[in-house]
There are 2 protein chains.
Amino acid sequence: MPRPATAARHEPPVVEQVDTTFLEGLLGYNARRAALSVIEVFLERMDVYKLRPVDFSVLSLVVHNPGITSRQLCTTLGILPPNLVSLVGGLEKRGLIERMPHPRDGRATGLHPTAAAQKMMRQAERTAAELEAHAARRLSPSEHKTLLRLLRKMYRDD
Amino acid sequence: MPRPATAARHEPPVVEQVDTTFLEGLLGYNARRAALSVIEVFLERMDVYKLRPVDFSVLSLVVHNPGITSRQLCTTLGILPPNLVSLVGGLEKRGLIERMPHPRDGRATGLHPTAAAQKMMRQAERTAAELEAHAARRLSPSEHKTLLRLLRKMYRDD
DNA sequence: TATTGTTATACTCTATAACTATA
DNA sequence: TATAGTTATAGAGTATAACAATA
């Protein structure tokens, strides 16, 4: 039973190159890694607006849907109601959101963007578009479009 | 200036259907939503093994790379070293991982799967494959393959 | 001097139960 | 009875600083 002279008996193996074949075949693993790579750049570029990803999502929806309710925000973004409270409260304190009574439901509150929010989000959405170009920098325009379509198709509700 | 009889002056708007057009055009938003939809099902189906996504990832890498070090796990999975300690400690307590001194670096520790871990992960990886089929249920085999390829291409390091 | 692994710790994110006001 | 919004709180996830042992 010949063995290499440099290898001791029962010596544990050493990993030179990590084999990630199995994990890289999973949609969840790859989608998560892809999302995290975008969020990393997002945090840097949106720091000037002091907007976290969730703040940006909420403000974008409020700007494009004036009068949207907290419940609608929660359902759309998958946020739990208790966790939206301080989030909206923070944006209100910053003068970016105004609460107005819902005209048809006394339990609900309509959320409205202030002029400051509209101005800031015009810029922030431009930054988001630049960020999108960066995220897709290794993809052709056709691949970019295909990736967006397949991701939406994947998680779309039935 | 005629107005509908039911609309009071200055009445705030009501959102019937939420417009998500802008957010749905962003890779980060869609990748995150897609990842969360997979993780939701993952948590249900992996509960029988008591494995969170991160436990599964670590164990899968240890099984396919016996002798892998903590540092290699951190780099591969994007985990910070202090956060891996209790994670590996937990798997060791459950008799799924064994630590052995690294044969060529006295600072490092090689992580090895136990027989129990190998047995469990054969089943768990089968479950992951079923989960993958579920995640891709709305995609054709060709679309599934394309989505995996484009996601990897998107976040791949330069 | 740099790296591996670790401890302690703080901060953020997410989840659950329970309450109020209104439908 | 059900829903919108809120409070309080617990748990999970993620981050930084600092240290011992080894390279």
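Convention: sequence-line order gives letters A, B, ...; per-chain numbering from 1.
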Determine yes or no for a side-chain-to-main-chain donor-acceptor pair under 3.5 angstrom, with B:N65 supplying the side chain and A:D19 the backbone.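 Flag set: sc B:N65 to bb A:D19 pair under 3.5 Å.
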Polar side-chain atom of A:T114 near backbone of A:G95 as donor-acceptor pair, under 3.5 Å: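 Answer holds: yes.
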Distance-minimising heavy-atom pair for B:A35 and A:G28: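 Scanning both residues completely, I find the closest heavy atoms to be CB-O, 4.4 Å.
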Stretch residues 44-62 of chain B: residues that reach within less than 4.0 Å of DNA chain D through a heavy atom: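 Of all residues in residues 44-62 of chain B, the ones placing a heavy atom under 4.0 Å from DNA chain D are B:R52.
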DNA chain D contacts made by residues 84-99 of chain A, counting heavy atoms under 4.0 Å: A:V85, A:R99
Greater than 12 external heavy atoms within 6.0 Å of B:E98's CD: no
With sequence neighbours left out, what residues match B:R126 under salt bridge (charged side-chain N to carboxylate O under 4.0 Å, His left out)?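 Counting only residues at least two positions away or on another chain, B:R126 forms no salt bridge (charged side-chain N to carboxylate O under 4.0 Å, His left out).
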Filter on ring-ring contact (aromatic ring centres under 6.0 Å, His included), then keep only pairs touching residues 28-62 of chain B, sequence neighbours left out; what's left?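 Listed once each, the pairs are B:F42-B:F56.
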Any ring-ring contact (aromatic ring centres under 6.0 Å, His included) pairs touching residues 88-138 of chain A, not counting sequence neighbours?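 Output for this query is empty, none listed.
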First of A:A108 and A:R32 reached from the 5' end of DNA chain D, by closest nucleotide: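 First, find each residue's nearest nucleotide; the 5'-ward one identifies A:A108.
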With sequence neighbours excluded, residues passing side-chain contact (heavy atoms from CB on, under 4.5 Å) with B:K50: B:D47, B:R94
Range on DNA chain D touched by chain B - first to last nucleotide, heavy-atom distance under 4.0 Å: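 The protein-touched segment is D:dG13 to D:dA23.
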Ion pair present between B:E16 and A:R104, side-chain N to carboxylate O less than 4.0 angstrom?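 A salt bridge is present here (some side-chain N lies under 4.0 Å from a carboxylate O).
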Inspect the contact between B:E24 and A:R156 and indicate whether a charged nitrogen and a carboxylate oxygen are less than 4.0 angstrom apart. yes
Side chains of residues 83-92 of chain B: which donor-acceptor pairs under 3.5 Å do they make with residues two or more places apart or in other chains?
{"residue": "B:E92", "atom": "OE1", "partner": "B:R99", "partner atom": "NE", "Å": "2.9"}
{"residue": "B:E92", "atom": "OE1", "partner": "B:R99", "partner atom": "NH2", "Å": "3.4"}
{"residue": "B:E92", "atom": "OE2", "partner": "B:R99", "partner atom": "NE", "Å": "3.3"}

Rounded to whole Å, please give me the gap between CZ in B:R107 and P in C:dT4. 6 Å
Whole-Å distance, B:L43 CG to C:dT14 C1', equals 12 Å
Distances under 3.5 Å between protein N/O atoms and the N/O atoms of nucleotides 9-11 of chain C, please, pair by pair.
none

Nearest 0.5 Å, what's the NE2-CZ distance between A:H64 and B:F22? 6.0 Å
Any residue of residues 64-82 of chain A with a heavy atom less than 4.0 Å from an atom of DNA chain C: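 The stretch gives A:L80, A:P82 as the residues lying under 4.0 Å from the strand, ordered by number.
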Please go through B:V14's hydrophobic cluster and name the other residues, only I, L, V, M, F, W, Y counting, with side-chain heavy atoms under 4.5 Å joining them.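 Same cluster as B:V14: nobody, lone residue.
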Check the pair A:L23 / A:N30 against side chain to side chain contact (heavy atoms under 4.5 Å, CB included), numbers first and verdict last. CA-CA 8 Å; A:L23 292 180; A:N30 289 287; over 6 Å; no
Per the salt bridge (charged side-chain N to carboxylate O under 4.0 Å, His left out) rule, what does the pair list look like for residues 69-82 of chain A, sequence neighbours excluded? none
